[in-house]
Amino acid sequence: MSDHAAPQSDHARLPEPGPALFAAPLRRPAHVGDDWLEPAQRDYSQQEHATWDALFARQAELLPGRAASAFMAGLERLDLGRGGVPDFARLSTELIGLTGWSVVPVPMLIPDHVFFWHLANRRFPAGNFIRGSDSLDYIQEPDVFHDVFGHVPMLTDPVFADYMQAYGRAGWKAMRHNRLKALGALYWYTVEFGLILEAGELRAYGAGILSGPTETVFAVEGKSPNRIMLHVDRVMRTDYVIDDLQPTYFVIESFADLYRRTAERDFDRLYRTLGPGFTYANSAVIDLDDVLHHGTQEYALRGGRESGAILV
Ligand code: PHE
Ligand code: CO
């Protein structure tokens, strides 16, 4: 996750980037400390490795029949369950061989443009810490389990891997139009909370869903949330919550279709027609929607996370 919800400043005067920008090699500027741009991966304690194992075992149990087949295939190919927090160097070597992606450790949330720059160079920035064993269920900051278990398996899929890179390249234009929030909503409803139809069955591919047990079940099977076929113009006008289960999930037909609707389309006109704020509430169902499931929203109506609402 990156923090697209942060207040925006006016970037309309940024210059055209020029072709060299995204080709820049990852080199540490002399004045920057060793631990900032590309920190080394942390050494994890035995207890922290055990936390990874516990989280892994819990998800592995829930994923069959709920996670997209591309995700399951990635999990297996990278052997993320061999025990303990994966070593990023080894992981990157394997991933480079598959789709040319690598994984770089970052201390916490990083600025949007740095995030975009990594993605545009097929580097996935992953948290350099793991949640405490006392907070297995919920953390606000993306840790190594969310980032590596949740995101990295999908990077083994060639089309999804290209989508992620195209997304990184898309950042600059969105920034110049002051429409980072809209582009952030697209990331949110695809990379973090996306669902896909596989032979007519719903499956999750979003990392925010697949890195937690509650949302894995809620997103795919719950009565509460809406499930609506993804249309880019609609999604980029839709608000989102970052600290509770989603009231709405958007569903794609295939990764190739997602790529066509986003990477192969020029967003210039769309950015010019978007208002600065979101148009639709995150629980809205509108006339134009192709609705697979009109949710009861019972979870949100009962008060959501804070209230300890019962999941439906
Ligand atoms: N094609 C979009 C544009 O012209 C960029 C984009 C690519 C957006 C991939 C999202 C994902 O800005
Ligand atoms: Co994430």
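Note that the numbering runs from 1 along the sequence shown for the chain. Just so it is clear, the model here is predicted, and its values are computed rather than measured. Atoms within each ligand, like the ligands themselves, are counted from 1 in listed order.
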Query raised in the report: Heavy-atom count around R77 CZ within 6.0 Å, excluding the residue itself: above 12?
Result: no
Query raised in the report: So which of the N, O or S atoms of E192 lies nearest the Co ion (ligand 2)?
Result: OE2
**Report entry** Heavy atoms from other residues, nucleotides or ligands near CD of E141 exceed 12 (cutoff 6.0 Å)
**Finding:** yes
Query raised in the report: Salt-bridged, R272 to D268, with N to O below 4.0 Å?
Result: no
Query raised in the report: Would you call K173 and D266 a salt bridge, using N to O less than 4.0 angstrom?
Result: yes
Query raised in the report: Can the ring centres of F255 and Y163 be said to be less than 6.0 Å apart?
Result: no
Query raised in the report: Of R265, M164, K173, Q165, which has the heavy atom at the shortest distance from atom 12 (O) of ligand 1?
Result: K173
Query raised in the report: Quick one: nearest non-hydrogen protein atom to atom 7 (C) of ligand 1, plus distance?
Result: A263 CA, 3.4 Å
Report task. For the residue pair F160 and Y205, establish whether any side-chain heavy-atom pair is separated by less than 4.5 Å. Result -> yes
Requested in this report: Report, in ascending order of atom number, the atoms of ligand 1 lying under 4.0 Å from any heavy atom of D266.
Outcome: 4 (O)
Report task. Could you tell me whether Y271 and ligand 1 have an N or O pair separated by under 3.5 Å? Result -> no
Requested in this report: Measure the distance from atom 10 (C) of ligand 1 to every protein heavy atom, then report the residue, atom name and distance (to 0.1 Å) of the closest one.
Outcome: L186 CD2, 3.7 Å
Query raised in the report: Do R305 and D243 meet the salt-bridge criterion of a basic N to acidic O distance under 4.0 Å?
Result: no
Query raised in the report: Near A166, which atoms of ligand 1 are under 4.0 Å from a heavy atom of that residue?
Result: 7 (C), 9 (C)
Requested in this report: Provide, to 0.1 Å, the distance between atom 5 (C) of ligand 1 and the closest protein heavy atom, together with that atom's residue and name.
Outcome: A170 CB, 3.3 Å
Query raised in the report: Y259: heavy atom below 4.0 Å from ligand 1, yes or no?
Result: no
Query raised in the report: What atoms of ligand 1 come within less than 4.0 Å of a heavy atom belonging to Y163?
Result: 11 (C)
Query - Contact (N/O only, under 3.5 Å) between F267 and ligand 1 - result: yes
Query raised in the report: Is there a donor-acceptor contact under 3.5 Å linking the side chains of Y299 and D244?
Result: yes
